[in-house]
Number of protein chains: 2
Amino acid sequence: MDCPLAFKKEKLRHLEDGCRQNGLAMTVQRRVVLDALAERTDHPSADQLYDAVRGRLRGISRTTVYRVLETLVGIGVVQKISNPESKARYDANTVRHHHIHCIRCEKIEDMHTPALHLAQQVPIATESGFTIVDYSINFSGICPDCRS
Amino acid sequence: MDCPLAFKKEKLRHLEDGCRQNGLAMTVQRRVVLDALAERTDHPSADQLYDAVRGRLRGISRTTVYRVLETLVGIGVVQKISNPESKARYDANTVRHHHIHCIRCEKIEDMHTPALHLAQQVPIATESGFTIVDYSINFSGICPDCRS
DNA sequence: GTTAATGCAAAGCATTTGCACACGT
DNA sequence: ACGTGTGCAAATGCTTTGCATTAAC
């Protein structure tokens, strides 16, 4: 498989390592959020994660889920992904990859097409004087479910 | 200039044409929103547009600005652009181009680097079965203002 | 035992909706 | 005149914050 961090176990370890290295306490709540993040590849919103996590740890609060996610983004092990909805979506895969979203149902999936590596073509600085740090490509289209 | 729709007049005409072709009434409110959109290249949020427009047409309501924008997105002359904030940003330039956003101040600017045309490399359909309609590249980096 | 993390409830933005009135065609 | 578009106010959805309690190290 040419996609690092594609598997649950590896993602989970990456998340745990990040927490440990940043001195974050491993609470029950953090653990279930980490688990939920690691086993999904569908870029869930905070509320979707909250729903997933509530089944496993009764009583966990929505606030905690939001706070755990912000903490993980803060230490860099999770990314908030860009999308046209007005709602954050999270991605535990921090290896560079791209996304495609369905313009009908708003689903977002990963793209691993290797032809898309721009590394050599990307200017370090732009006409406008920006120093470029990273990039990602967002495709839009229609998913198989919505086409039928 | 290799960038179509780069100029205010042309953008405005494109917006007006779209409205006419879709049978939309040209109200004073729509006119000022169209003007405001055409003369900006900074991908304003609905509220920024509302502020801009309020100066010219006292009494226009925030609701109307939101509604006009949604209508324009609906007929395809304006795009909601993807960004990691939880707030929509609008772009009256529907010619394919890319964006760079500053990770410090969240500013978003256009990129017209011609080397980035992926047309030939982009698969029509993905592993996941999506039919691709469009794409855009999002760069992130630090803008000149924030670097100093 | 300290310090950091959680839960609750309330507040804060961004956005949408229902309904009565006004305006463009 | 007709139907669409607007304004207002209230509702909704997503997210954040303050504060007292609880749990991790």
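Note on naming: letters A, B, ... go to the chains in the order of the sequence lines (proteins, then strands), and numbering restarts at 1 for each one.
Members clustered with A:Tyr66: none, using a 4.5 Å side-chain heavy-atom cutoff among hydrophobic residues.
Qualifying side chain to side chain contact (heavy atoms under 4.5 Å, CB included) partners for A:Arg67, counting only residues two or more places apart in sequence or in other chains: A:Thr63. Applying the side chain to side chain contact (heavy atoms under 4.5 Å, CB included) rule to B:Pro84 yields the partners A:Ser82, B:His101; only residues at least two apart in sequence or on another chain are considered. With sequence neighbours excluded, the residues satisfying side chain to side chain donor-acceptor pair (under 3.5 Å) with A:Asp145 are A:Lys107. Every side chain to side chain contact (heavy atoms under 4.5 Å, CB included) that A:Asn83 has, sequence neighbours left out, goes to A:Glu85, A:Arg89, A:Ile108. For A:Ser86, the side chain to side chain contact (heavy atoms under 4.5 Å, CB included) partners at least two apart in sequence or on another chain are B:Ala88.
The existence of a salt bridge linking B:Arg13 and B:Asp17 is confirmed by a sub-4.0 Å separation between a basic side-chain nitrogen and an acidic carboxylate oxygen.
Sorted by first and then second residue, the pairs that involve residues 18-45 of chain A and meet ring pair (Phe, Tyr, Trp, His ring centres under 6.0 Å), not counting sequence neighbours, are A:His43-A:His99.
Using a 4.0 Å cutoff to heavy atoms of chain A, the contacted part of DNA chain C runs 5' to 3' from C:dA5 to C:dT15.
Only B:Gly59, listed by number, bring a heavy atom of residues 45-59 of chain B to less than 4.0 angstrom from any atom of DNA chain D. Listed by residue number, B:Tyr66, B:Arg67 are the residues of residues 66-85 of chain B with a heavy-atom contact under 4.0 Å to DNA chain C.
Across all strands shown, B:Thr63 has heavy atoms under 4.0 Å from base atoms, whether or not it also approaches the sugar-phosphate. Across all strands shown, B:Arg62 has heavy atoms under 4.0 Å from base atoms, whether or not it also approaches the sugar-phosphate.
For the pair B:His98 and B:Arg96, the minimum side-chain heavy-atom distance is below 4.5 Å.
Proximity of a side-chain donor or acceptor of A:Lys11 to a complementary backbone N or O of A:Arg40 within less than 3.5 Å is detected.
Interatomic distance, B:Leu34 CG to B:Leu12 CG, rounded to the nearest 0.5 Å: 6.0 Å. In this structure, B:Ile137 CD1 and A:Tyr135 OH are separated by 8.0 Å, a value rounded to the nearest 0.5 Å.
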Output a table of nitrogen or oxygen pairs between the protein and nucleotides 22-25 of chain D separated by less than 3.5 Å.
| unit_1 | atom_1 | unit_2 | atom_2 | d |
| --- | --- | --- | --- | --- |
| D:dC25 | OP1 | A:Met26 | N | 3.2 |

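Judged by closest nucleotide on DNA chain D, B:Gly23 is the one of A:Ala88 and B:Gly23 placed further toward the 5' end.
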Show me, pair by pair, the donor-acceptor contacts under 3.5 angstrom made by side chains of residues 52-59 of chain B, not counting sequence neighbours?
| unit_1 | atom_1 | unit_2 | atom_2 | d |
| --- | --- | --- | --- | --- |
| B:Arg54 | NH2 | B:Asp51 | OD1 | 2.8 |
| B:Arg56 | NH2 | B:Glu39 | OE2 | 2.5 |

